[in-house]
Amino acid sequence: MNMEDEMSMEKGMSMEKGMSMEKGMSMEDSLEEVYARMGIRKEVYEYGSRVWESLQERFAKIDQVAEYNQLKVIRAMQECRVSEACLLGTTGYGYGDLGRDSLEAVYAKVFRTEDALVRPQIICGTHALALALMSNLRPGDELLSPVGKPYDTLEEVIGIRPSKGSLAEYGITYRQVDLLPDGSFDYEGIRNAIGPRTRLATIQRSKGYQTRPTLSVERIGQLIAFIKKIKPDVICMVDNCYGEFVETKEPGDVGADMVVGSLIKNPGGGLAPIGGYIAGKRECVENAAYRLTSPGLGKEVGASLGILKDFYQGLFLAPTVTASALKGAVFAANLFGGLGFQVVPDGRESRHDIIQAVTFGTAEGVVAFCQGIQAAAPVDSHVLPEAWDMPGYDAKVIMAAGAFVSGSSIELSADGPIRPPYAVYFQGGLTWPHAKAGILRALQSIVDKGLTEGVLCRKNSK
Ligand SMILES: *Cc1c(COP(=O)(O)O)cnc(C)c1O
């Protein structure tokens, strides 16, 4: 099957004039025509333009945050005297790896912590979080989540769902206090849940695959202060995935003992091909380093290979890349919210991560959205994503990602577990124009499947 057949099958219609993928772009084409060639028709394009025009003030504020964070990153690199030699790598044991050690100092400055562990040997966000937990908890300790159920992949780490090598297998118990129905902290419940064995509180900033609100850094600070008042030696860890550089403050600014995340999300700026970080108190980071490598070796070993230039440059780009992703999220909230779909966060509220949830209510809507995102990707645009049983998740998940770095979710990507309420969680976009095109293409898929009403109803748009 050739690409055009596939595309027209996916849209359930015959190819229309002006939409042929074979025809190249010429300078005389209007923007609308170029969009049409990507499969985005006039009605969708014009609706998108109206939404975009209404968001100028919002976008200006996002740019201001990016400007602040860009300076923060540059200052940190200057203060750590990042030099050309830091961009080179080591091999073997990696003793005295200047670039690796300087990068960790830069992360500690950016996240306002005493120390940091930033390594390509940390495979992903889940690994970073598991490492932080397993290295700082001991048998008999209790872990507390005061913000409800943690991210899906952590269920097996903790042992909420039984798994080999979980914290539960090592005699570390777990307690959870859900957020109240209005999204606020259940302070009474948290107070009652903290006992003599409570050793670590895990606070997830982002909503992950849920429709609860994402926590602002300010609210995280209030929660940490509350926990520390009851029991000062509780280690407060923040799962910072997707939250980096969305605000001018980070959890380290408000008392977090550990701030943990993935480099193929925000802080890698799209360039880091792998990696995770743990920024925090010296002792917490040392525990993590001893667990990652070996007791006694810790941070002293771990060759950076040839990867450091991408880690540095990715961090340098991260504030503006995050801003692009954020604009995409705000745009989508207004676009889909305006058509009557439930969107979390809504089009107007303040943002604390780059994830946008859109609830379609049907598996068909989730699939159409993801296929639309895929169709607008720079890589693998010709493949049609399908739902599959992904390791670590308890329902089938469909994922759309035409990414330069496999699985990178700072690049425009969407995923949706095939289970009620049939919501899609989408994030990323290394550039705002790509985020916009992908979101419009996803809307076009939804329109083509007849899943919208009103002005963009399929009957009207034909
Ligand atoms: C992505 C994510 C994780 C896990 O990160 P992976 O890199 O996918 O393993 C954990 N917590 C949150 C909130 C996330 O968004």
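Numbering of ligands and ligand atoms starts at 1, following listing order.
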Are [X] and [Y] close enough that some pair of their side-chain heavy atoms sits under 4.5 Å apart?
| X | Y | value |
| --- | --- | --- |
| Val379 | Glu411 | no |
| Glu364 | Leu451 | yes |
| Glu247 | Val65 | no |

Quick one: do the Asn240 and Tyr277 side chains pair a donor with an acceptor below 3.5 Å? yes
What protein heavy atom lies closest to [atom]? Include the residue and the distance to one decimal.
| atom | result |
| --- | --- |
| atom 7 (O) of ligand 1 | Gly125 N, 2.7 Å |
| atom 9 (O) of ligand 1 | Thr126 OG1, 2.5 Å |
| atom 11 (N) of ligand 1 | Asp239 OD2, 2.6 Å |

Show which atoms of ligand 1 fall inside a sub-4.0 Å distance from at least one heavy-atom site of [X].
| X | value |
| --- | --- |
| Cys124 | 7 (O), 9 (O) |
| Tyr242 | 15 (O) |
| Gln204 | 13 (C) |

Which is it for Leu129 and ligand 1 at heavy atoms under 4.0 Å: side chain, backbone, both or neither?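 Side chain only.
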Between His127 and ligand 1, find which residue part has any heavy-atom pair under 4.0 Å and reply side chain, backbone, both or neither.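 Neither; no heavy atom under 4.0 Å.
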Do Lys436 and Phe426 form a cation-pi contact, if we require the NZ or CZ to be under 6.0 Å from the six-membered ring centre and within 45 degrees of the ring's axis? no
Cationic tip of Arg205 within the cone over Tyr242's six-membered ring, i.e. under 6.0 Å and within 45° of the normal?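 Cation-pi check for Arg205 and Tyr242: fails.
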Quick check on Lys265 - does any of its heavy atoms sit under 4.0 Å from an atom of ligand 1? yes
Tell me if the CD atom of Glu283 is crowded by more than 12 foreign heavy atoms within 6.0 Å. no
